[in-house]
Structures are given as structure tokens and as C-alpha cells.
Amino acid sequence: MVRVELPPSTNACTSSRPRPRVLLFDIDDTLVTTGGAGRRAVVRALEATCGPGPWLGFPLSGRTDRSIVREALRERGLLDGEPLIDEVLETYLRLLVEEVATAASYGAHPGVETLLDLAAARAQHDPLAIGLGTGNLRRGAAIKLERVGLWRRFSFGGFGSDHEDRSEILRLGAERGARALGLTLDQCQVVVIGDTPRDVAAALAVGARAVGVATGHFEAAALRESGAAAAFDDLTRPGAAEAVLG
Ligand SMILES: [Mg+2]
């Protein structure tokens, strides 16, 4: 379990130290809106690899890249093994560069940059690791965040290239964050920031605290109902920074 309390501090110097914390931010509809660039790149990759659509007759929110392609191929009865999924994903990454570069409505969500500034300042003196927990392939995450100058803000993460299952992605990201702090995972409070019930469910599955943001397709109330400890319309709202940073 992640939520293991640290042993009691034994001297006054350490008694006020906050509990070490690992932050794992989702990307799509949490940090940025890509204006549909990701979906367009997946559809084009499927068309280029497997033929004309219609493709993606299901919502993509909260899914991992590999699971999206697997479901798309299954939907059309074309799923015949992992190499085809790999080929679609390679094509997707090539096309994503174009789609992200040309997307019209693209940007960071309100409050994201301010919160990341606050987190970076906090990490100067407190044990805080700032990372990603995303279904995007690592290269895709970099492509999406570089356009808004946010990729350099994250030194580690769990990615869709690590695993197809979101909770395993978060577990790996959390372990990397703990390692970056020189700690084990059970010494850290892990906080997952995401916009879908899938983010929340994956967070709870690894014993993390979930903070929801309603900047995607789900209302704050729905995120709270799915188990988020707190949820906000966006990260500018009162209490949001405290919920994330402690
Ligand atoms: Mg998302």
C-alpha cells in the first residue's frame, strides 16, 4: 500500500517536515487540450495502416494509447496480434507531430502553469516529486507537452509505453517518483491529478489520492462520485492547489 505513515519523527528538526509526496499528472484534458490532435492522428494512423474508416466509435477519454488501438482494431475485426498495434502506434507518433503542430485550439488549461510553478517552488525545500501519469506513449507525451513548453517541467512519469493498464502505469510512475526522492514508495503519498473516472479508479487501485479536474468530459461531481478525494472545475479554483500540494 502506498498510504503507509512515516514513522514518528524523533527530533524537532524533522517533526514539521511534510510527508513526501509524488504528483502524477494526466495530460489530455488535465494539463492541455490538444483540440482533437490526438484523435485525428490515431484515425489517420489507422487509415494509413488498415484502410478507410469509420474508426474509433468509442470515447477515448482516460484510455491508454495501446488500448485505444487495440479496441479500434477489435471493433473492426482486424485485431491479429501485437505487431499490427505496434505499426499503428509508430505511424500515429509520426502523424501526431503534424497534428499537434497545426492544431488550432491548443493550450494549457487554466491554472496549470501557476500550479506547476508553485509545485516547483515547493520542491526546492520539501520532498516533492513532480511527474506524469498518462496513457500517452512517452514520445507522444513529449510531443503534446512541448508545444506548450510543459515537457521540461516533468523529470519522470509513468507512460502508455510502459504498460497498457492505467493502474500499472501509475504504479511505475509512482515508483520512479519515490526513487527520485531517494525514498521507497511506501514512504510517499502519491497524488494523481486527472479528468476522468478512469484516472480516479487507477489512482485508487494503487492506493493513491485522486484529485479531479473537470476540464474534460466529466463534471467535478462525477469525479467525486467515482472516488476522487477532491474535484474542481479547473485548477484556478480555491482549494485546488492545496488539494494537490498538501
Ligand atoms: Mg485525460
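Hydrogens, waters and symmetry mates play no part in the numbers below; they use all other heavy atoms, side chains included. One is the number of the first residue; the rest follow in order along the sequence.
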Matching residue for L132 among D26, L24, I27 - test: side chain to side chain contact (heavy atoms under 4.5 Å, CB included):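 With L132 as partner, side chain to side chain contact (heavy atoms under 4.5 Å, CB included) holds for just one option, I27.
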Are I143 and V112 co-members of a hydrophobic cluster defined by side-chain heavy atoms under 4.5 Å apart?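 Looking at the clustering, I143 is in the same group as V112.
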When you measure from the side chain of R21 to the backbone of Q189, do you find a donor-acceptor pair of N or O atoms at a distance under 3.5 Å?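 No, the answer is negative, given that no donor and acceptor are paired below the 3.5 Å cut-off.
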Where is the tightest heavy-atom contact between A174 and V190, given as atom of each residue plus distance?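 Nearest heavy atoms, A174 then V190: CB-CG2, 3.8 Å.
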Same cluster (ILVMFWY, side-chain, under 4.5 Å), L31 and L137: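 Linked, L31 and L137 end up in one cluster.
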When rounded to the nearest 0.5 angstrom, what distance separates CG in D195 from CD in E219?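 So the gap between those two atoms works out to 12.5 Å.
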Do R139 and E90 have side chains that approach each other closer than 4.5 Å (heavy atoms only, starting at C-beta)?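 Yes, their side chains come closer than 4.5 Å.
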Residue pair W55 / R76, side-chain heavy-atom distance below 4.5 Å: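 Yes - at least one pair of side-chain heavy atoms lies under 4.5 Å apart.
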Side-chain heavy-atom pair D65, Y92 within 4.5 angstrom cut-off: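 They are in contact (side-chain heavy atoms under 4.5 Å apart), so the answer is yes.
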Test side chain to side chain contact (heavy atoms under 4.5 Å, CB included) on C50 and L73; report intermediate values, then the result. CA-CA 9 Å; C50 303; L73 295 175; 3.7 Å; yes
Keeping R122 on the side-chain end and L245 on the backbone end, is there a donor-acceptor pair under 3.5 Å?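 At least one qualifying donor-acceptor pair exists.
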Going by heavy atoms in the side chains, are H109 and T33 under 4.5 Å from each other?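 Yes, side chains in contact.
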So, taking the atom named CG in D165 and the one named CZ in R171, what distance separates them when rounded to the nearest 0.5 Å?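 Nearest 0.5 Å value for the CG-CZ distance: 8.5 Å.
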In the single-linkage hydrophobic clustering (I, L, V, M, F, W, Y; side-chain heavy atoms under 4.5 Å), do L96 and V32 co-cluster?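 Same cluster.
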Regarding D126 and R19, does a basic nitrogen lie under 4.0 Å from an acidic carboxylate oxygen?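 R19 and D126: not salt-bridged.
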I need the F159 CZ to R176 CZ distance, nearest 0.5 Å.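 Taking CZ in F159 and CZ in R176, the distance rounds to 7.5 Å.
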Is a side-chain N or O of T114 found less than 3.5 angstrom from the main chain of G111, in a donor-acceptor match?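 A pair under 3.5 Å: no.
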CG on L150 to CZ on F25, rounded to 0.5 Å: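 Rounded to the nearest 0.5 Å, the CZ-CG separation comes to 10.0 Å.
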Of all heavy-atom pairs between A103 and A37, which one has the smallest distance, and what is that distance?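 The pair with the smallest heavy-atom distance is CB-CB, 4.1 Å.
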Decide side chain to side chain contact (heavy atoms under 4.5 Å, CB included) for F156 and R179; before the verdict, give the C-alpha distance in whole Å, the side-chain angles of both, and the deciding distance to 0.1 Å. CA-CA 10 Å; F156 69 93; R179 208 175 307 135; over 6 Å; no
For R66, is there an ion pair with E82 - N to carboxylate O distance below 4.0 angstrom?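 Result for this pair is yes, salt bridge flagged.
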Tell me whether T64 contacts the main-chain N or O of E164 through its side chain, where contact means a donor paired with an acceptor under 3.5 Å.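 Present.
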If you compare all heavy atoms of P127 against all heavy atoms of P18, which two are closest, and at what distance to 0.1 Å?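 Answer, listing the atom of P127 first, then P18: CG-O, 3.9 Å.
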Kindly give the heavy-atom pair with the smallest separation between L185 and E175, and that separation in Å.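 Of all heavy-atom pairs spanning L185 and E175, the closest is CD2-CG, 3.7 Å.
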Measuring only between side-chain heavy atoms, which start at C-beta, is R40 closer than 4.5 Å to V43?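 Not touching, per the 4.5 Å side-chain cut-off.
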Between V100 and T34, is the side chain to side chain contact (heavy atoms under 4.5 Å, CB included) condition met? List the steps. CA-CA 7 Å; V100 165; T34 66; 5.5 Å; no
In terms of side-chain geometry, is the basic nitrogen of E47 or R44 positioned less than 4.0 Å from the acidic oxygen of its partner?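 Salt bridge between E47 and R44, a charged N being under 4.0 Å from a carboxylate O: no.
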Working to the nearest 0.5 Å, report the span between CG of L23 and CZ of F154.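 Nearest 0.5 Å value for the CG-CZ distance: 9.0 Å.
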Apply the test side chain to side chain contact (heavy atoms under 4.5 Å, CB included) to residues L78 and D80: give CA-CA distance (whole Å), side-chain angles for both, the deciding distance (0.1 Å), then the verdict. CA-CA 6 Å; L78 297 172; D80 73 348; over 6 Å; no
Expected output: side-chain Y106 to main-chain A101 donor-acceptor under 3.5 Å: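 No; judged by distance alone, with no hydrogens or angles, the pair does not exist.
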Any side-chain heavy atom of T134 within less than 4.5 Å of one from I169?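 No - every pair of side-chain heavy atoms lies 4.5 Å or more apart.
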Between the main-chain N or O of P110 and the side-chain N or O of T236, is there a donor-acceptor pair closer than 3.5 Å?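 No.
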Any idea which heavy atoms bring G177 and A129 closest together, and the distance?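 Scanning both residues completely, I find the closest heavy atoms to be O-CB, 3.7 Å.
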Are side-chain N/O atoms of D234 and T215 paired as donor and acceptor at under 3.5 Å?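 Note: D234 and T215 side chains miss the donor-acceptor criterion.
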What are the two closest heavy atoms between L118 and A241, and how far apart are they?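 In this case the closest contact between L118 and A241 is CD1-CB, 4.1 Å.
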Is I85 close to L79 at the side-chain level, that is, under 4.5 Å between some pair of heavy atoms?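 Heavy-atom side-chain distance check passes, below 4.5 Å.
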With the 4.5 Å side-chain cut-off for hydrophobic clustering, are V200 and V244 part of the same group?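 No, separate clusters.
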Is there a path of hydrophobic side-chain contacts, each under 4.5 Å between heavy atoms of I/L/V/M/F/W/Y residues, joining V192 to I130?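 Shared cluster, no.
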Atom CG of D29 and atom NE2 of H217: how far apart are they, to the nearest 0.5 Å?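 If I round to the nearest 0.5 Å, the distance is 5.0 Å.
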Would R147 and E99 count as a salt bridge (charged side-chain N to carboxylate O under 4.0 Å, His left out) if you check the C-alpha gap in whole Å, the side-chain angles of each, and the deciding distance to 0.1 Å? CA-CA 11 Å; R147 173 160 168 184; E99 291 291 346; over 6 Å; no
Does any non-hydrogen side-chain atom of P20 lie less than 4.5 Å from one of L128?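 Side-chain contact under 4.5 Å: no.
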If we count only N and O atoms by modelled type, under 3.5 Å, do the side chains of T196 and D199 hold a donor and an acceptor together?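 Yes - a donor-acceptor pair under 3.5 Å links their side chains.
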